[in-house]
Amino acid sequence: MATPVLDKVEAESAASPYITVTMRIRRFNPEISDASVWEDFQIEIDPKERVLDALHKIKWDVDGTLTFRRSCAHGICGSDAMRINGKNRLACKTLIKDINPEKPITVEAIKGLTVLKDLVVDMEPFFQAYRDVMPFLVTKGNEPTRERLQTAEDRERFDDTTKCILCAACTSSCPVFWNDGQYFGPAAIVNAHRFIFDSRDEAGEQRLEILNDKDGVWRCRTTFNCTDACPRGIEVTKAIQEVKRALITRRF
């Protein structure tokens with residue numbers, strides 16, 4: 001006959017939500033080696049938790065040298081974009097249970113940008129392309145005495161591209177960007193679109209000329225990788241096509 005203590009332990013074990021997961025992380029430390037290596041970590045975690053939670057467990061409890069970016073942890077800041085099981089995702093929005101935890105979960109830095117350490121990449125080329133498309137409202141004349149009004153229909157014209165959080169998931173999923181870092185990339189074009197089609201803005205022609213460059217919008221090969229990678233559901237490829245059409249017709 002089982003003792004009450006053993007019965008209690010067995011019941012608690014059966015009710016435990018935790019599972020053992022293998023996190024296979026691509027590590028890179030330029031102070032140690034010029035080559036990256038895969039390293040496995042086994043952790044106990046609730047499958048309803050996120051990949052970011054798993055990375056926290058590793059960093060806080062197993063290996064404090066593991067390096068990655070994260071900030072808000074709620075899919076708003078975009079700082080924890082990484083390749084998880086070969087696909088660009090936000091670690092804070094990806095649940096363990098949704099990516100087959102029975103097999104090793106691979107985590108590596110996003111592609112197309114120089115890896116600085118582990119999962120951290122140099123974002124400067126990405127942000128330079130963003131700055132180059134003038135991602136701000138441009139107007140002429142005197143400062144208005146009241147807010148610049150806009151109809152709901154005019155707002156709807158560019159509403160989708162206002163959702164961008166600059167996570168670089170779309171740009172770093174683009175084969176053209178992988179092969180040629182000079183390409184502006186989907187995110188920069190999306191943010192140009194947001195202002196080109198804003199009825200209050202007066203620099204649409206200037207932005208179109210910037211994107212008409214050899215490294216601009218015409219480099220897009222319409223593979224839809226960017227749309228699939230966007231964690232905010234932006235129709236990135238559609239926005240790029242609309243910019244191309246505006247360049248041809250000069251109507252926006």
Side-chain angles (χ1 to χ4, degrees), residues 69 75-83 87-90 108-116 119-139 157-252:
R69 287 191 178 109
I76 302 300
C77 71
S79 60
D80 65 347
M82 52 191 73
R83 284 173 64 82
K87 182 178 179 180
N88 284 11
R89 314 172 196 249
L90 294 185
E108 56 189 314
I110 52 178
K111 295 176 67 174
L113 295 164
T114 302
V115 179
L116 300 178
L119 305 176
V120 174
V121 298
D122 180 5
M123 294 287 286
E124 179 54 27
F126 172 81
F127 284 117
Q128 185 56 57
Y130 171 68
R131 290 190 290 265
D132 286 345
V133 299
M134 303 164 55
F136 42 82
L137 194 70
V138 178
T139 60
R157 181 69 184 83
F158 63 93
D159 186 68
D160 191 41
T161 48
T162 65
K163 302 172 187 174
C164 178
I165 56 175
L166 297 174
C167 65
C170 65
T171 294
S172 60
S173 73
C174 175
V176 177
F177 187 79
W178 298 341
N179 295 321
D180 182 2
Q182 299 302 309
Y183 172 43
F184 274 87
I189 299 171
V190 158
N191 282 278
H193 177 286
R194 180 257 175 273
F195 289 99
I196 288 170
F197 294 97
D198 189 330
S199 61
R200 301 164 298 177
D201 185 80
E202 298 177 51
E205 287 283 356
Q206 190 174 348
R207 291 192 190 87
L208 287 175
E209 284 309 312
I210 292 171
L211 292 176
N212 201 23
D213 183 81
K214 62 182 179 65
D215 295 318
V217 70
W218 302 113
R219 297 296 304 279
C220 172
R221 295 295 178 264
T222 320
T223 62
F224 287 90
N225 282 23
C226 50
T227 299
D228 291 340
C230 180
R232 299 301 300 272
I234 299 171
E235 295 183 89
V236 181
T237 307
K238 178 183 177 182
I240 294 173
Q241 299 310 307
E242 288 180 350
V243 172
K244 288 180 178 178
R245 191 177 302 115
L247 265 167
I248 295 170
T249 63
R250 295 293 165 165
R251 294 177 61 187
F252 47 89

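The structure presented is a predicted model; accordingly, all values stated were derived computationally and were not measured.
- Counting only heavy atoms from C-beta outward, the side chains of I234 and D160 approach each other to under 4.5 Å.
- Taking CG of D198 as the start and OG1 of T161 as the end, the distance is 9.5 Å to the nearest 0.5 Å.
- Across all their heavy atoms, T227 and E235 have their closest contact at OG1-C, 4.1 Å.
- How far SG of C174 is from CZ of F184: 13.5 Å, rounded to the nearest 0.5 Å.
- You'll find the side chain of T223 stays beyond 4.5 Å of the side chain of V176, heavy atoms only.
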Full working for salt bridge (Lys or Arg N to Asp or Glu O under 4.0 Å) between R131 and E124: CA-CA 10 Å; R131 290 190 290 265; E124 179 54 27; 2.4 Å; yes
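- In this structure, the separation between CG on L208 and CD1 on I248 is 11.0 Å, given to the nearest 0.5 Å.
- Every residue two or more places apart in sequence or in another chain that forms a side-chain contact (heavy atoms from CB on, under 4.5 Å) with E242 is listed here: R157, H193, F197, K238, R245.
- For D159, the salt bridge (charged side-chain N to carboxylate O under 4.0 Å, His left out) partners two or more places apart in sequence, or in a different chain, are R155.
- Residues Q241 and C220 share a closest heavy-atom pair of NE2-SG, 4.2 Å.
- When all heavy atoms are compared, the tightest approach of P175 to N225 is CD-ND2, 3.8 Å.
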Verdict with reasoning, C167 to L90, per side-chain contact (heavy atoms from CB on, under 4.5 Å): CA-CA 8 Å; C167 65; L90 294 185; 4.0 Å; yes
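- A side-chain donor-acceptor contact under 3.5 Å links N191 to the backbone of A187.
- Between Q182 atom CD and R219 atom CZ the span is 9.5 Å, to the nearest 0.5 Å.
- There is no side-chain donor-acceptor pair under 3.5 Å between D213 and W218.
- With sequence neighbours left out, the side-chain contact (heavy atoms from CB on, under 4.5 Å) criterion links T139 to L137, R148, E202.
- Put simply, CD1 on I210 and CG on D215 are 13.0 Å apart, with the number rounded to the nearest 0.5 Å.
- No side-chain heavy atom of F158 sits under 4.5 Å from any side-chain heavy atom of I196.
- The side-chain contact (heavy atoms from CB on, under 4.5 Å) check on D228 picks up nothing, with sequence neighbours excluded.
- The side chain to side chain contact (heavy atoms under 4.5 Å, CB included) test with Y130 is passed by exactly one of P135, C164, P125: P135.
- Considering CZ of F224 and CD1 of I240, their distance stands at 9.5 Å, rounded to 0.5 Å.
- Between T237 and T222, the closest side-chain pair of non-hydrogen atoms falls below 4.5 Å.
- The minimum heavy-atom distance between R69 and D80, with the atom names listed, is O-CB, 3.2 Å.
- Residues K163 and C230 fail the side-chain proximity criterion, which asks for heavy atoms closer than 4.5 Å.
- Scored by the ring-ring contact (aromatic ring centres under 6.0 Å, His included) test, F195 finds no partners at all (sequence neighbours excluded).
- Residues meeting the side-chain contact (heavy atoms from CB on, under 4.5 Å) test with N88, sequence neighbours left out: R83, I110, A169, S172, S173, A229.
- Using a 4.5 Å cut-off on side-chain heavy atoms (C-beta onward), R207 and D201 make contact.
- Of all the heavy atoms in Y183 and I189, the pair that sits closest is OH-CD1, 3.6 Å.
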